[in-house]
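Notes follow once the structure below has been shown.
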Amino acid sequence: MSWAPVYRLVKRIPRGRVTTYGELAKALKLRGGARAVGYAMAACPNGQGIPWHRVIGAGGRLLMPEPQALKQRKLLETEGVALDGARVDMDAYGWSPVKTKKPKTKGKRAKVR
DNA sequence: CATCTGACGACCG
DNA sequence: GCGGTCGCCAGAT
């Protein structure tokens with residue numbers, strides 16, 4: 001399966017912002033397919049401009065095993081995302097793909113929540 | 001075709 | 001807050 005849309009969305013994530021698998025799944029209409037999204041990320045071609053580290057679990061919780069999680073934390077911090085231990089403040093850095101998704105019809109509501 | 005597993009999410013105890 | 005279970009989709013065996 002071509003996870004192009006997933007990768008595309010991930011690439012759309014602005015710097016200093018994060019999103020969750022669930023959000024991505026919903027944005028792509030993959031209801032309950034959070035796992036599928038996770039799978040896509042796991043199979044994501046590393047080194048192709050895909051900021052996988054901006055993709056986290058629900059509630060802004062880091063999932064991946066430690067080695068990757070640590071790296072992810074570091075990368076996020078570098079991008080300006082404040083991490084609360086293994087937690088990310090979704091209320092502050094949570095990016096909504098569905099709302100920010102290509103504002104075709106004017107600006108509409110570019111407000112989070 | 002059946003079964004298990006997985007970088008998930010939500011629910012329950 | 002933590003751990004276990006079920007449901008979801010996709011891929012591998």
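No experiment lies behind these values; they were computed from the predicted model shown. Numbered from 1 within each chain, the chains take letters A, B, ... in sequence-line order.
The backbone N or O of A:Val55 lies less than 3.5 Å from a partner atom in the side chain of A:Gln72, making a donor-acceptor pair. A donor-acceptor pair under 3.5 Å is formed between the side chain of A:Tyr7 and the backbone N or O of A:Ala40.
Counting heavy atoms from C-beta outward, A:Leu63 and A:Gln68 have side chains that stay 4.5 Å or more apart. Annotation: side chain of A:Trp95 is not in contact with side chain of A:Glu23 (no heavy-atom distance under 4.5 Å).
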Hey, what are the protein-to-nucleotides 9-13 of chain B N/O distances that come in under 3.5 Å?
from, atom 1, to, atom 2, distance (Å)
B:dG9, OP1, A:Ala58, N, 2.8
B:dG9, OP2, A:Ala58, N, 3.0

Taking N or O atoms only and anything under 3.5 Å, show me the protein contacts with nucleotides 1-3 of chain B, one pair per line.
none

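Not counting sequence neighbours, the partners of A:Tyr93 by the side-chain contact (heavy atoms from CB on, under 4.5 Å) test are A:Val18, A:Val81, A:Ala82, A:Val88, A:Asp89. Partners of A:Ala27 according to the side-chain contact (heavy atoms from CB on, under 4.5 Å) rule, which considers only residues two or more places apart in sequence or in another chain, are A:Leu9, A:Pro97, A:Val98.
With rounding to whole Å, A:Lys26 atom NZ is found 16 Å from C:dG7 atom C1'. What separates CG of A:Leu24 from C1' of B:dA7 is a distance of 12 Å, to the nearest Å. What separates CG of A:Leu28 from P of B:dC8 is a distance of 17 Å, to the nearest Å.
The salt bridge (Lys or Arg N to Asp or Glu O under 4.0 Å) contacts involving residues 39-48 of chain A comprise nothing, where partners must be two or more places apart or lie in separate chains. Identified under the salt bridge (Lys or Arg N to Asp or Glu O under 4.0 Å) test for residues 41-64 of chain A, with sequence neighbours left out: A:Arg54-A:Glu79.
The side chain of A:Met64 lies closest to B:dA7 when the candidates are C:dG11, C:dA10, B:dA7.
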